[in-house]
There are 2 protein chains.
Amino acid sequence: MIRKAISPENLGSVLREARKQKGLNQTATGKLVGIDQPTVSKVEQGSGGTQLGTLFRLLAALELEMVIQPRSKTDVKNDGDKW
Amino acid sequence: MIRKAISPENLGSVLREARKQKGLNQTATGKLVGIDQPTVSKVEQGSGGTQLGTLFRLLAALELEMVIQPRSKTDVKNDGDKW
DNA sequence: ACGATCTATAGCTTATGCGCTATAAATTTA
DNA sequence: TAAATTTATAGCGCATAAGCTATAGATCGT
């Protein structure tokens, strides 16, 4: 499971996976936090133009949190799959 | 130096701290990745309107990466930081 | 194949980001 | 405290996000 994101595309993939993991569709997810379905779609496709406010609302809907840390040279996909 | 962010304000604080830790000012940081100083300022102040593309460029300038993970059950106000 | 559900795309409108430049506060340093 | 540096704010022009609605395309189940 990809957790690390260094680009909007990465992030979009992470969000999509998390959403499916929760059994939600784009419409339902967006409704939880006031984002319309087309916007959820664009974020998941990796739109770098997406705004931070939109991202954090999405994270809230999916019960996710963001961690900022120094870039690791060695890749980080440790941690037994928790989701 | 691992910091969680659940809002644009959180994130802005994290970025500002990381920048200072690297001994950079807003102008120098922005120049590394083609962002102007006023924009860096707004991001650090927590503008939810900041775009993801801008954020990722800033992360690159500061040699940071983003990790998305399930929200910790233990409250986010638990590691000594004030937000 | 069919219908139902889900996702992607499009047009319109309003709002706002960002680069650029200039300048005003605020902070640091001597 | 004055000067230098750094950060915040503002206006302009251009580009684009996001909400809304509609619909086309894709996917799933029967």
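The sequence lines fix the lettering, A, B, ..., with proteins before strands; numbering per chain opens at 1. What you see is a predicted model; the values in this text were computed from it and never measured.
The two residues A:Met66 and A:Phe56 come nearest to each other via the heavy atoms CE-CZ, 3.7 Å. Shortest non-hydrogen contact noted between B:Pro8 and B:Gly48 is CG-CA, 3.6 Å.
In this structure, B:Thr50 does not reach the C:dG17 phosphate: none of its side-chain N or O atoms is under 4.0 Å from OP1 or OP2. Within the 4.0 Å cut-off from OP1 or OP2 of C:dG19, at least one side-chain nitrogen or oxygen of B:Arg57 is found.
Side-chain contact of B:Ser72 with A:Glu65: a donor-acceptor pair under 3.5 Å is present, judged by distance alone. A:Asp36 and A:Thr39 form a side-chain donor-acceptor contact under 3.5 Å, judged by distance and modelled atom types alone. A side-chain donor-acceptor contact under 3.5 Å links B:Gln45 and B:Ser41.
For the pair A:Arg3 (side chain) and B:Gln69 (backbone), a donor-acceptor distance under 3.5 Å is absent.
Here the side chains of B:Ile68 and A:Val67 are not in contact, with every heavy-atom distance at 4.5 Å or above. At least one side-chain heavy atom of B:Leu15 sits under 4.5 Å from a side-chain heavy atom of B:Leu55.
Taking atom CG of B:Leu52 as the reference point, atom C1' of C:dC18 lies 15 Å away to the nearest angstrom. The separation between A:Ile35 atom CD1 and C:dT7 atom P is 15 Å, rounded to whole Å. When the C1' atom of D:dG19 is taken as reference, atom CG of A:Leu58 falls 15 Å away, rounded to whole Å. If you measure from atom NZ of A:Lys31 to atom C1' of D:dC20, you get 13 Å, rounded to the nearest angstrom.
Residues meeting the salt bridge (charged side-chain N to carboxylate O under 4.0 Å, His left out) test with A:Arg57, sequence neighbours left out: none. By the side-chain contact (heavy atoms from CB on, under 4.5 Å) test, A:Glu9 pairs with A:Ser7, sequence neighbours left out.
Taking the C1' atoms of five terminal pairs at each end of the helix from C:dA1-D:dT30 to C:dA30-D:dT1, the two resulting helix axes are inclined by 70°, rounded to 10°.
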Original post:
When you check every protein heavy atom under 4.0 Å of nucleotides 6-16 of chain D, what one-letter string (B, S, -) results, 5' to 3'?
Top reply: SBBBB------
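Here the nucleotide nearest the side chain of B:Asp36, chosen from D:dG19, D:dA18, C:dC20, is C:dC20.
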Collect all protein-nucleotide pairs involving nucleotides 27-30 of chain D in which both atoms are nitrogen or oxygen and the distance is under 3.5 Å.
none

Quiz: residues 25-33 of chain A side-chain donor-acceptor pairs under 3.5 angstrom, not counting sequence neighbours:
| unit_1 | atom_1 | unit_2 | atom_2 | d |
| --- | --- | --- | --- | --- |
| A:Asn25 | OD1 | A:Thr27 | N | 3.1 |
| A:Asn25 | OD1 | A:Ala28 | N | 2.7 |
| A:Gln26 | OE1 | A:Gln37 | NE2 | 3.0 |
| A:Gln26 | NE2 | A:Glu44 | OE1 | 3.1 |
| A:Thr29 | OG1 | A:Asn25 | O | 2.8 |

